[in-house]
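Being a predicted model, the structure only gives us computed values, none of them experimental.
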Amino acid sequence: MSKYVVHTSKLTRLYKSQIAVNAIDLQVPEGAIYGFLGPNGAGKTTTIRMLLGLIRPTSGDIQMFGESLQTHRKSILQRVGSLVENPSYYGHLSGFENLAVFARLLGVPDTRINEVLDIVRLTPAAKKAVKGYSLGMKQRLGIATALLANPKLLILDEPTNGLDPTGIHEIRELIMDMPHEYGISVLVSSHLLSEIEQMATWVGIIRQGELVFQDRIDVLRQESEARLYLDVDQPTRAYDLLRTDGVDVVLEDQSLVLKTVDPDTSAAVNKKLVLNNVNVFRIREHAPSLEDIFLNLIGTGGSL
Ligand SMILES: Nc1ncnc2c1ncn2[C@@H]1O[C@H](COP(=O)(O)OP(=O)(O)OP(=O)(O)O)[C@@H](O)[C@H]1O
Ligand SMILES: [Mg+2]
């Protein structure tokens, strides 16, 4: 069996001639909390709807639990719980009664209802009519519904949308328990890095239908380590001089940028430039924030 619970190859979806999802290779490792990040309209929901078999890919392939969704649709989807868009409930029925409706549809024993209510911490409100639930409680009821059939993978499309900080915190705590307490991998989408950063172990960043980053969140964090910036009077020449010496340097907005802030390297680079009649105006250290890196990846055109 594949070590990925979701593994797509060149997954693509067009709406008429517009590309919503463009050849993405999504890889969600087993046991991960995979944060699927991107600005509005990036293609998150379209991707998720394809994974849930709600819409067909235009091209490309989806493997889940090591099997093809196309040929093993039923057995795969039995192992997936999901929350996409706001689910509708019977307002006059209690949380328990609403879950009982789904439990019957799914052929799940009633004993499971109390278990899922407990997991999402809704036991105290189990007998209350859902019309009296807060938005956060309704979202937790949605997650409870998704958990009814004991899934191995939970797919949540922006589960914290519209929630206040307390509601967001509760959903986050819940999600974070899933892999180790219940053996459930999670794919959760969001347009907020700050939210994903606190719970995800893996991150995929989608921009205009393309996956522009996918790795462990630690790898993204390493990107936010300090760099050395040199402002000089002849950036291109300085760049060439340093490259000739094998220095790992890039040119960014007319500044030379080194990935190291080691004092010896800094001194050597400065000396080399000055000896070659390049004026060094300024040497500064700067560590971009994770948010800077994210904004850079999704481009400034992204509406966040
Ligand atoms: N049913 C549809 N018909 C036509 N175009 C669509 C349809 N659904 C989505 N799109 C387009 O596909 C692109 C991706 O949309 P999608 O809803 O997947 O983005 P998203 O990342 O979920 O955005 P949001 O953060 O706003 O939920 C957008 O340009 C959108 O306008
Ligand atoms: Mg969406």
Membership question, hydrophobic clusters at under 4.5 Å side-chain separation (ILVMFWY): are [Y] and [X] in the same one?
X: I19; Y: V212; value: no
X: L242; Y: V257; value: no
X: L14; Y: I62; value: no
X: L163; Y: V130; value: yes

Salt bridge check, [Y] against [X]: does any charged N sit closer than 4.0 Å to a carboxylate O?
X: R172; Y: E195; result: no
X: E158; Y: K44; result: yes
X: D240; Y: R243; result: no
X: E67; Y: R73; result: no
X: E97; Y: K128; result: no

Expected output: side-chain [X] to main-chain [Y] donor-acceptor under 3.5 Å:
X: N276; Y: K272; result: yes
X: T123; Y: R121; result: no
X: R282; Y: V280; result: no
X: T201; Y: A32; result: no
X: Y133; Y: S94; result: no
X: R237; Y: D233; result: no
X: D245; Y: V247; result: no
X: Y34; Y: V6; result: no
X: S266; Y: D262; result: no
X: N279; Y: V232; result: no

Quick one: closest heavy-atom pair of [X] and [Y], and the distance?
X: N22; Y: E210; result: ND2-OE2, 3.2 Å
X: R56; Y: R13; result: O-NH1, 2.7 Å
X: A200; Y: G35; result: CB-N, 3.8 Å
X: G38; Y: H191; result: O-CB, 3.2 Å
X: S185; Y: G31; result: OG-N, 2.8 Å
X: S224; Y: P288; result: CB-O, 3.1 Å

Taking the side chain as C-beta and beyond, is there a heavy-atom pair between [X] and [Y] under 4.5 Å?
X: L230; Y: L273; result: yes
X: I171; Y: Q139; result: yes
X: M137; Y: L122; result: yes
X: L11; Y: L26; result: no
X: V188; Y: P159; result: yes
X: V80; Y: P151; result: no
X: W202; Y: I217; result: no
X: L99; Y: R112; result: no

Side-chain donor-acceptor contact under 3.5 Å, [X] with [Y]:
X: T8; Y: Q63; answer: no
X: S255; Y: D231; answer: yes
X: S189; Y: D157; answer: yes

Taking [atom1] in [X] as the centre, count heavy atoms belonging to other residues, nucleotides or ligands within less than 6.0 Å. Is the count above 12?
X: R216; atom1: CZ; answer: no
X: Q234; atom1: CD; answer: yes
X: Y15; atom1: OH; answer: yes

Using the ring-ring contact (aromatic ring centres under 6.0 Å, His included) criterion, which residues pair with H286? Sequence neighbours excluded. Y229
Could you point out which residue of I33, V28, V5 forms a side chain to side chain contact (heavy atoms under 4.5 Å, CB included) with L187? V28
Interatomic spacing from OG1 in T45 to CG in L54 - rounded to 0.5 Å: 11.0 Å
